[in-house]
Engineer: 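One structure follows; several queries about it will come next.
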Amino acid sequence: MVPVLYDITFDIAEGEFLALMGPSGSGKTTLLNLIAGIDKADKGSIHVGDVDITTLSETELAAWRANSVGFIFQFYNLIPVLRAVENVELPLHLTTLSTRSRREHAERALAMVGLDHRMDHYPGEMSGGEQQRVAIARAIVTDPTILVADEPTGDLDRVSAEEILSMMERLNRDMGKTIIMVTHDPRAAARAGVLRHLDKGYLNDDAHQNPL
Amino acid sequence: MMLTKILFRNAFHNKLRSSLTILGIAVAILAFGLLRTVVSSFYAGVEAASASRLVTRNAISIIFPLPIAYTEKIRQVEGVKLVSYGNWFGGVYIDEKNFFPNFCIEPHSYFALYPEFVLNDAQKKAFLTDRKGAVAGRKLAAKYGWRIGDTITLKGTIYPGNWDFVLRAIYKGRDNTIDETQFFFHWAYLNEGIKKIWPRYAEQVGFFMIGVNRPDVAADTAVMIDQRFKNSLAETLTETEKAFNLGFLAMAEAIVTAIQMVSFVVIFIILAVVANTMAMTTRERTGDYAILKTLGFGAKDITILIFGEALVITLTGAAIGMVLTFPTSRIFGSQLATYFPVFLVSTETIYMDIAAAFCIAFFAAIIPTRHAIRIRIADGLRRIG
């Protein structure tokens, strides 16, 4: 087993838009996965709100993720056999909402990202930017407290990347979502309110307001 | 509901691979069904045997005859209702390749004992009154184009010479499990012929068919019949018709066992093919399963997806295979009617097809499911891109 992160202690305020930067292999994605509850730390604790997620069982952690975290990935990670609206609706199947309510929520989320006209298209029929917008709709449809984004613009052209980042900014500013974004693109990091650097598994202590 | 949608769409997402796998399953189920039907057809005679009939033969071997004089002595045994008798004739029609079962019988009692052979009254009367008369099964008559009144010559393989018969009746089976390829004629006609060529073999029969009053005490009746001929020159062995037929089947047991084994090997091969397909499919979807787990779906949901997909593919192929089994078995049965006079796809075979399909799906999905459940989300997500 190779250690990835060392002695990391830091807080993220509610409603903060944090960018985690660092070179490849610095541990950015691992740190993000730990915060989002999709990986487990060997030691230490991670508190999100009042919950110490390191003490949760797999089942409890899955339920916590479903309620509290929205995910945006570099490669969109949509289910290829589901249409856009079905992809967005997917997390709602773990709730008690009725079929009709689920569909209404999904359509509303797609409208928020400007894709109400692409609801019935499969991921393979959409551009990268559109797929990422569907992924954002899926991430926000359950109204989670935190959004985690792992290189959300890494696979997009400049125009699409700008659109996605503007959308994330709006989600943070207008809806108060706490966003933690991993990126090594300075242009993407410039949109975040707070910037932190990781290097070889160590977090630089000097959290600062984003100078970019 | 959404999981059902995903598993159905996943099952047919890679159309070429799914189609080839389904085709393979269909062919395997078809082969399995046909082989099981061959096995069932071996047992058709056993299944058709009546519990109220006994067969008495020479205790040494079926090839040794018994005196016709035993008829009256058997009739006197308590519980015996009706006694008939006959011989295996073993004649061939024109050429040796034209083989079919042919027996000489005592006609009045024999057809009374076998109500499953249905005869037209007028034809039956014509047969009973003509010593050279013969009765053929419907399929046999159709195969050789025989009509009532035709003269049929059989070449004796046991009893030398050409034996002429006049077709007086054609029987039908009471249902489709009854063999309609047999040929019967008067025992008296054969006996007369034997008197001329081998006088010392006359007045003897190969077997007695015995109808009993109470099937539940048939075993006791059989014992009483054999006791009556104990220490005689020709001791008897009496058993139920079912046991008698099973005794014949025992001679072909190795073949039946081999066919049964081959049928299961076919299923094992297709299991390996489906398991390989599921392994490839699941490996390709590792990322999808990781996303589902990320979103909060659990091991149960992943299990439903993979087992469901395996079931959809396997049951589709099995359904096609089962549907094809019926016309194929009809063609097969008509081509091999001489060897398998009753070649019917049984309900049991269909149940075994369905069970085989479920087993294939279940075993093919176990390892891929285990892998998909165990893989860490972070590792699964790393497979994407």
Side-chain angles (χ1 to χ4, degrees), chain A residues 4 29-34 36-40 57-83 85-95 98-99 102-103 106 122-124 128 135 138-139 141-142 144 148 150-151 154-155, chain B residues 1-19 277-278 280-306 308-310 312-313 369-385:
Chain A
V4 180
T29 298
T30 303
L31 182 57
L32 190 76
N33 288 345
L34 290 172
I38 57 179
D39 214 344
K40 284 215 162 192
S57 67
E58 282 297 330
T59 314
E60 289 167 337
L61 202 53
W64 175 80
R65 278 198 307 270
N67 290 323
S68 312
V69 189
F71 296 87
I72 304 164
F73 300 97
Q74 179 179 357
F75 298 108
Y76 335 123
N77 294 8
L78 300 174
I79 303 294
V81 295
L82 294 181
R83 292 180 289 129
V85 70
E86 291 167 337
N87 262 294
V88 176
E89 208 181 314
L90 197 56
L92 298 175
H93 281 270
L94 297 168
T95 66
S98 68
T99 309
R102 284 200 302 262
R103 183 50 58 101
Y122 287 94
R138 183 180 66 186
V141 75
T142 52
V148 294
D150 190 359
E151 303 279 8
D155 200 46
Chain B
M1 189 63 194
M2 182 62 87
L3 290 179
T4 313
K5 201 179 279 182
I6 294 174
L7 73 88
F8 268 96
R9 290 185 190 170
N10 275 347
F12 300 103
H13 190 56
N14 187 329
K15 290 186 177 58
L16 179 65
R17 186 167 61 201
S18 301
S19 304
T277 303
M278 288 312 298
M280 284 196 292
T281 302
T282 313
R283 199 173 303 124
E284 281 170 15
R285 300 216 176 95
T286 303
D288 291 0
Y289 301 135
I291 296 161
L292 288 169
K293 285 202 269 186
T294 303
L295 295 177
F297 289 88
K300 191 183 83 182
D301 303 304
I302 304 297
T303 305
I304 290 171
L305 278 180
I306 300 174
E309 187 177 342
V312 167
I313 289 176
T369 304
R370 189 167 168 267
H371 179 257
I373 289 172
R374 285 191 167 193
I375 194 164
R376 290 166 62 239
I377 296 175
D379 293 336
L381 291 174
R382 227 169 271 143
R383 302 274 183 97
I384 302 169

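These values consider heavy atoms only, across backbone and side chains, with no hydrogens, waters or symmetry-generated copies. Every chain is numbered from 1, with letters handed out A, B, ... down the list of sequences.
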Engineer: With a 4.5 Å cut-off on heavy-atom pairs, point out which of Asp39(A), Leu78(A), Leu94(A) contacts chain B the most.
Structural biologist: Leu94(A)

Engineer: Report the C-alpha separation of Asn67(A) and Thr142(A) in whole Å, then their side-chain angles, then the decisive distance to 0.1 Å, and conclude whether the side-chain contact (heavy atoms from CB on, under 4.5 Å) test is met.
Structural biologist: CA-CA 7 Å; Asn67(A) 290 323; Thr142(A) 52; over 6 Å; no

Engineer: If you count heavy-atom pairs within less than 4.5 Å of chain A, which of Asp301(B), Ile377(B), Thr294(B) leads?
Structural biologist: Thr294(B)

Engineer: Spell out, as yes or no, whether a donor-acceptor pair under 3.5 Å connects the side chain of Arg138(A) to the backbone of Phe71(A).
Structural biologist: no

Engineer: Heavy-atom cut-off 4.5 Å, strictly under: side chain, backbone, both or neither for Phe73(A) against chain B?
Structural biologist: side chain

Engineer: Supply the atom-to-atom distance Arg102(A) CZ to Met2(B) CE, rounded to the nearest 0.5 angstrom.
Structural biologist: 7.5 Å

Engineer: If every non-hydrogen atom of Leu92(A) is compared with every non-hydrogen atom of Thr95(A), which pair is closest and at what distance?
Structural biologist: O-OG1, 2.5 Å

Engineer: What distance do Thr282(B) atom OG1 and Ile306(B) atom CD1 have between them, rounded to the nearest 0.5 Å?
Structural biologist: 4.5 Å

Engineer: Side chain, backbone, both or neither: which part of Leu292(B) has an atom under 4.5 Å from a heavy atom of chain A?
Structural biologist: side chain

Engineer: For the residue pair Glu86(A) and Val81(A), what are the closest heavy atoms and their distance?
Structural biologist: OE1-O, 4.5 Å

Engineer: Between Leu90(A) and chain B, with a heavy-atom cut-off of 4.5 Å, which part of the residue counts as in contact: side chain, backbone, both or neither?
Structural biologist: both

Engineer: Side chain from CB out, backbone as N, CA, C, O: work out which of these in Glu58(A) comes under 4.5 Å of a heavy atom of chain B, or both, or neither.
Structural biologist: neither

Engineer: If we define contacts as heavy-atom pairs under 4.5 Å, which of Trp64(A), Tyr122(A), Tyr76(A) has the most with chain B?
Structural biologist: Tyr122(A)

